[in-house]
Amino acid sequence: MTMSQIALSAGRHATSSAPALPPQQDGGETLFDLYNRHFVIVPADTAELKRKVFNLRYQVLAEENSYLDPADYPDQMEFDEYDERSEHYLLMHRASNEAAGTVRLILPDVSTPGDELQFVHHCEMPDLASHVPFVRAGEVSRFAVTKAFRRRLTDGSIVPDVYDPRMGQPPKDDEVRRLVPYITIGLLQGIFHAMVKHRLSYVTMVTEPTLLRLLQRFGIYFQALGPLVPLYGWRQPCGRELRDLQADVAAERPDVWDILTDRGRLCRDLLAYAP
């Protein structure tokens, strides 16, 4: 067992503390309600929204993190050959109408062995096809949250313009700031939507160990598919049956499960077809 596999398999028994929940509002407002007052996940299914996706990816990958050379993208759009076979989502901040992040789900192509999903090219696990059911697998990819949005959200430059439509007054600064870690969950709700839409039930990705540790704090666990690989730093190929993943979240973090599954609606759809 590799060190990365040990870290992932041990994750469920770790005692890391979860991010602080926003304080419950008068009248018993839940995290689900609070989150949905501030954010909404939107399918990028028009040319205009896809341009927003590609530009946001350019900002994150080329300008904010220097993974890509900006000179190679004069139109400030980042896209590749997998975008045509993907579902794209934007997480929108309701009051400012700014995009907080984006993600895509690459759909499987079992007609091309060795290129069923993008992560196949970066995974060093022998006999991968015996571990991953490609015919019903999707890949989380281009998971991008803008530092610029998070900075404006937490430094107060967005908050003064954010008004609670129910109360007609600005929310408390710490209420919005404490929601920042849950941007990740909002993007994963988009992945859940896409998985159900295409009747897929096994989810994969290649990602930073730091993101996997954050997900563990939310009760979300993946299984390593081989060792860490060099890809813009070290990345971990991993996967999980979606029904098992959501069951862990429901048991450990029902508040997060509400957001991830749209209060169980997506889960009911998944369980109607998942093996």
Side-chain angles (χ1 to χ4, degrees), residues 39-107 109 115 117-124 138-159 161 176-177 179-188 190-191 194 204-215 228-238:
F39 296 104
V40 61
I41 193 73
V42 175
D45 53 7
T46 68
E48 180 181 358
L49 288 174
K50 286 181 180 178
R51 284 194 296 271
K52 184 172 289 190
V53 164
F54 300 151
N55 177 253
L56 189 149
R57 280 168 26 182
Y58 165 81
Q59 292 177 39
V60 173
L61 298 174
E63 293 185 345
E64 295 183 354
N65 290 285
S66 301
Y67 293 140
L68 305 174
D69 185 350
D72 294 334
Y73 301 87
D75 59 355
Q76 299 187 343
M77 300 283 177
E78 190 282 320
F79 53 88
D80 64 20
E81 66 273 23
Y82 291 95
D83 284 315
E84 289 297 321
R85 54 186 268 203
S86 298
E87 292 281 352
H88 303 270
Y89 288 85
L90 286 161
L91 187 70
M92 303 300 296
H93 184 236
R94 291 182 185 272
S96 66
N97 200 35
E98 284 196 51
T102 184
V103 69
R104 73 179 178 187
L105 182 77
I106 302 176
L107 305 177
D109 182 0
D115 190 35
L117 293 168
Q118 185 183 35
F119 91 99
V120 172
H121 301 285
H122 307 294
C123 186
E124 299 178 1
E139 180 180 352
V140 182
S141 178
R142 292 300 193 269
F143 195 103
V145 178
T146 68
K147 292 180 181 177
F149 176 83
R150 284 182 295 182
R151 183 170 57 251
R152 289 194 297 275
L153 191 65
T154 56
D155 70 10
S157 60
I158 284 181
V159 171
D161 295 325
V176 181
R177 293 173 188 176
L179 283 169
V180 171
Y182 294 90
I183 290 174
T184 298
I185 306 305
L187 289 171
L188 288 179
I191 292 297
T204 69
M205 65 178 174
V206 181
T207 192
E208 307 97 321
T210 52
L211 177 58
L212 291 174
R213 288 193 292 270
L214 172 64
L215 294 178
L228 290 164
V229 295
L231 181 67
Y232 303 118
W234 290 98
R235 299 288 188 271
Q236 176 65 64
C238 54

Asks: Can you find a heavy atom in the side chain of Asn65 that is under 4.5 Å from one in the side chain of Val60?
Replies: yes
Asks: Return the minimal non-hydrogen interatomic distance between Arg104 and Asp80, and the atom names on each side.
Replies: NH1-OD1, 2.9 Å
Asks: With sequence neighbours left out, write down each residue that passes ring-ring contact (aromatic ring centres under 6.0 Å, His included) with Phe79, or none if nothing qualifies.
Replies: Phe54
Asks: State the CG-CD distance between Leu228 and Glu208, to the nearest 0.5 angstrom.
Replies: 11.5 Å
Asks: Nearest heavy-atom pair of Leu90 and Lys52: which atoms, and what distance?
Replies: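 Looking at all heavy atoms of both residues, the closest pair is CD1-CD, 3.8 Å.
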Asks: Ser141 side chain to Val103 main-chain N or O, any donor-acceptor pair under 3.5 Å?
Replies: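 Checked: no pair found.
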Asks: Taking only residues two or more places apart in sequence or in another chain, which ones pass side chain to side chain contact (heavy atoms under 4.5 Å, CB included) with Ser66?
Replies: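 Here no residue qualifies.
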Asks: What are the two closest non-hydrogen atoms of Ala99 and Leu56, and how far apart are they?
Replies: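 Between these two residues, the closest heavy atoms are CB-CD1, 3.5 Å.
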Asks: For Glu64, which residues count as a salt bridge (Lys or Arg N to Asp or Glu O under 4.0 Å) partner, sequence neighbours excluded?
Replies: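 If we apply the salt bridge (Lys or Arg N to Asp or Glu O under 4.0 Å) test to Glu64, skipping adjacent residues, there are no hits.
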Asks: For Gly101, does its backbone N or O pair with a side-chain atom of Thr146 as donor and acceptor, under 3.5 Å?
Replies: no
Asks: Salt bridge check: are Asp83 and Arg142 linked by an N-O gap of less than 4.0 Å?
Replies: no
Asks: With the side chain counted from C-beta on, respond yes when Leu214 and Leu211 share a heavy-atom pair under 4.5 Å apart, and no when they do not.
Replies: yes
Asks: Measuring from Glu139:CD to Ile191:CD1, what's the distance to the nearest 0.5 Å?
Replies: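 Taking CD in Glu139 and CD1 in Ile191, the distance rounds to 10.0 Å.
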Asks: Rounded to the nearest 0.5 Å, how far apart are OH of Tyr232 and CG of Leu68?
Replies: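 Rounded to the nearest 0.5 Å, the OH-CG separation comes to 5.0 Å.
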Asks: With rounding to the nearest 0.5 Å, note down the distance linking CD in Glu84 to CD1 in Ile106.
Replies: 12.5 Å
Asks: Against the six-membered ring of Tyr67, is Arg235 placed for a cation-pi contact (under 6.0 Å from the centre, within 45° of the normal)?
Replies: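 Satisfied, under 6.0 Å and within 45°.
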Asks: Any chance you could lay out the side chain to side chain donor-acceptor pair (under 3.5 Å) test for Asp115 and Tyr82, step after step, and finish with the verdict?
Replies: CA-CA 10 Å; Asp115 190 35; Tyr82 291 95; 2.5 Å; yes
Asks: Side-chain contact, heavy-atom cut-off 4.5 Å: Thr184 with Phe143?
Replies: yes
Asks: Start with the C-alpha distance between Met205 and Leu212, add both sets of side-chain angles, then the distance that settles side-chain contact (heavy atoms from CB on, under 4.5 Å), and finish with yes or no.
Replies: CA-CA 10 Å; Met205 65 178 174; Leu212 291 174; 3.8 Å; yes
Asks: When rounded to the nearest 0.5 angstrom, what distance separates CG in Asp69 from CG in Leu61?
Replies: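 That separation rounds to 13.0 Å.
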Asks: CD1/Ile41 to CE/Met92 distance, rounded to the nearest 0.5 angstrom?
Replies: 10.0 Å
Asks: May I ask you to check whether over 12 heavy atoms, not counting those of Glu81, lie within 6.0 Å of atom CD?
Replies: yes
Asks: Apply side-chain contact (heavy atoms from CB on, under 4.5 Å) to the pair Tyr58 and Glu63, showing each step before the final yes or no.
Replies: CA-CA 7 Å; Tyr58 165 81; Glu63 293 185 345; 3.2 Å; yes
Asks: Could you check if a side-chain atom of Phe39 sits within less than 4.5 angstrom of a side-chain atom of His93, using non-hydrogen atoms only?
Replies: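 Yes; the side chains approach each other to less than 4.5 Å.
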Asks: Passes side-chain contact (heavy atoms from CB on, under 4.5 Å), Thr207 versus Val140? Steps please.
Replies: CA-CA 9 Å; Thr207 192; Val140 182; over 6 Å; no
